[in-house]
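Have a look at the structure below, then the notes.
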Amino acid sequence: MDSVETTDTTVTGASKSTKGGVVAWTNSMSTMHLGFLADLVASGARTSSGFKTCHYNQCAKFLNDHFKLSLTGEQCSNHLKKWRKIWGRLVQLKILSGALWDEDTCTIRLSDEHYAGHCANNKSDIPFLNNPIEHYRAMETIFGSTTASGKYAKSGNDPFSIDVEDESEMQTSPNVGASFVKAPPKKKAKLVHIEDDPLVTTLKDGFKMMADAIAKSGGDDDAVPDNLWDALAALKGFDEDHIAHYYAHLVDNPKTAKAFMTLKVDNKLVWLSRYVEKTFGVLYNLK
């Protein structure tokens, strides 16, 4: 993916100093910036209310020591807001109809025809489609389901406390070297609770079986059943795009895929129908 680099635009009279002025965010700086904050999240240092001023100040010092700059904690906070906007867009792109998520390369994949049609009207999405998404793991750790532990732990439904503001940004390139930041650990997606709908009365038994099947599923956690696609393709009456999307979801969640394979056909239909309804808002008639 093409590098996404930004610049804070408060003008300063000093050409090299960034304190209170223009911040030229190169890709190397953004890598270290996101990596540092992701490490804070992974270590449980971030509180349930979000990053504190001291965290941004620590990040600024870390970058200043490496790049010989004069960043402030406020500038680090402002830079994170731009990545929060990018993350929000990625979340929307991942649930496009027909989009498949490649967990290994962090790539949102569209067919050639779908890609051409989408990008014709959404040129700003080009860097995020059919290309590995740069900094995805760090953004996932910071903006996705939180990994704070102990007294700082919070549920996945709690809002992340960071303001999103429109700020004009551009790129310039100060003389800085490449850097390496340890990638944050991968995290599996968490299930998000939603309110019951009219189908809930007919699905209670299926959901109970789902919990039992997941608990009983064993073996290699990362192994996906060989005949998973064949089992999905055998479920008649569903749009092929919806089946493909659910297949990608099961590949991303091997334990759920194993549990799915233990179900009878009627309950497999319930699982697939429920997923399509929650993801796309399309309700299939199972009768």
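- When all heavy atoms of F280 and I95 are compared, the pair lying nearest together is CE2-O, 3.9 Å.
- Looking only at side-chain heavy atoms (C-beta outward), L69 and M29 come within less than 4.5 Å of each other.
- Without hydrogens or angle criteria, H135 side chain to L34 main chain gives no donor-acceptor distance under 3.5 Å.
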Residues R89, L93; criterion side chain to side chain contact (heavy atoms under 4.5 Å, CB included); working and verdict: CA-CA 6 Å; R89 185 56 183 159; L93 292 176; 3.7 Å; yes
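- Y246 pairs by the ring-ring contact (aromatic ring centres under 6.0 Å, His included) definition with H249, F260, Y275, not counting sequence neighbours.
- The two residues V41 and F51 have their closest heavy-atom pair at CG2-CZ, 3.6 Å.
- Within the model, atoms CG of N64 and CG of N57 stand 10.0 Å from one another, a figure rounded to the nearest 0.5 Å.
- Listed for the S273 side chain is no donor-acceptor partner under 3.5 Å among the backbone atoms of V270.
- Between the side chain of T31 and the backbone N or O of N27, at least one donor-acceptor pair lies under 3.5 Å.
- Side chains of L235 and V265 form a contact here, defined as non-hydrogen atoms less than 4.5 Å apart.
- No more than 12 heavy-atom neighbours from other residues, nucleotides or ligands sit within 6.0 angstrom of CG on D112.
- If you check the side chains of S30 and H79, you find a donor sitting under 3.5 Å from an acceptor.
- In this structure, T105 OG1 and D102 CG are separated by 3.0 Å, a value rounded to the nearest 0.5 Å.
- For the atom pair CG (D104) and CG (D252), the distance works out to 9.0 Å, reported to the nearest 0.5 Å.
- Under the side-chain hydrogen bond (donor to acceptor under 3.5 Å, both in side chains) criterion, D241 pairs with no residue at all, not counting sequence neighbours.
- Counting only heavy atoms from C-beta outward, the side chains of L250 and V224 never approach each other to under 4.5 Å.
- Between W101 and V251 there is no side-chain heavy-atom pair separated by less than 4.5 Å.
- In this structure, L129 and R109 have side chains that are not in contact, with every pair of non-hydrogen atoms separated by 4.5 Å or more.
- Within the 3.5 Å criterion, the main-chain N or O of K52 finds a donor-acceptor partner in the side chain of H55.
- Rounding to the nearest 0.5 Å gives a distance of 8.5 Å between CD of E134 and CE of M139.
- Within the 4.5 Å cutoff, side-chain heavy atoms of N78 are placed close to those of E74.
- Counting all heavy atoms, side chain and backbone alike, K268 lies closest to A231 at NZ-CB, 4.1 Å.
- Taking each heavy atom of L63 and H33 in turn, the nearest pair found is CD2-N, 3.9 Å.
- The side-chain heavy atoms of H245 and V276, taken from C-beta on, include no pair separated by under 4.5 Å.
- For D226, the CG atom sits in a loose shell: 12 or fewer heavy atoms of surrounding residues, nucleotides or ligands are nearer than 6.0 Å.
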M32/F67 under side chain to side chain contact (heavy atoms under 4.5 Å, CB included): CA gap, chis, key distance, verdict: CA-CA 10 Å; M32 294 192 71; F67 293 109; 3.5 Å; yes
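- Considering all non-hydrogen atoms of both residues, L228 and A257 come closest at CD2-CB, 4.1 Å.
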Verdict with supporting geometry, I243 and L272, side chain to side chain contact (heavy atoms under 4.5 Å, CB included): CA-CA 8 Å; I243 293 177; L272 176 54; 4.2 Å; yes
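- Judged purely by atom type and a 3.5 angstrom limit, Q75 uses its side chain to pair as donor or acceptor with the backbone of T72.
- Checking each of V91, L80, I86 against F143 for a side-chain contact (heavy atoms from CB on, under 4.5 Å) leaves exactly one that passes, namely L80.
- For the atom pair CG of L37 and SG of C59, the computed distance is 4.5 Å after rounding to the nearest 0.5 Å.
- Y136 and C106 get closest at one heavy-atom pair: CD2-SG, 3.7 Å.
- For the pair Y247/L100, no side-chain contact is recorded, criterion being any heavy-atom separation below 4.5 Å from C-beta on.
- Taking CZ of R274 as the start and CD of E277 as the end, the distance is 5.5 Å to the nearest 0.5 Å.
- Remark: the backbone N or O of I142 is paired with a side-chain donor or acceptor of R46 at under 3.5 angstrom.
- The pair E103-K94 fails the salt-bridge criterion, with no side-chain N (NZ, NE, NH1 or NH2) lying under 4.0 Å from an Asp/Glu carboxylate O.
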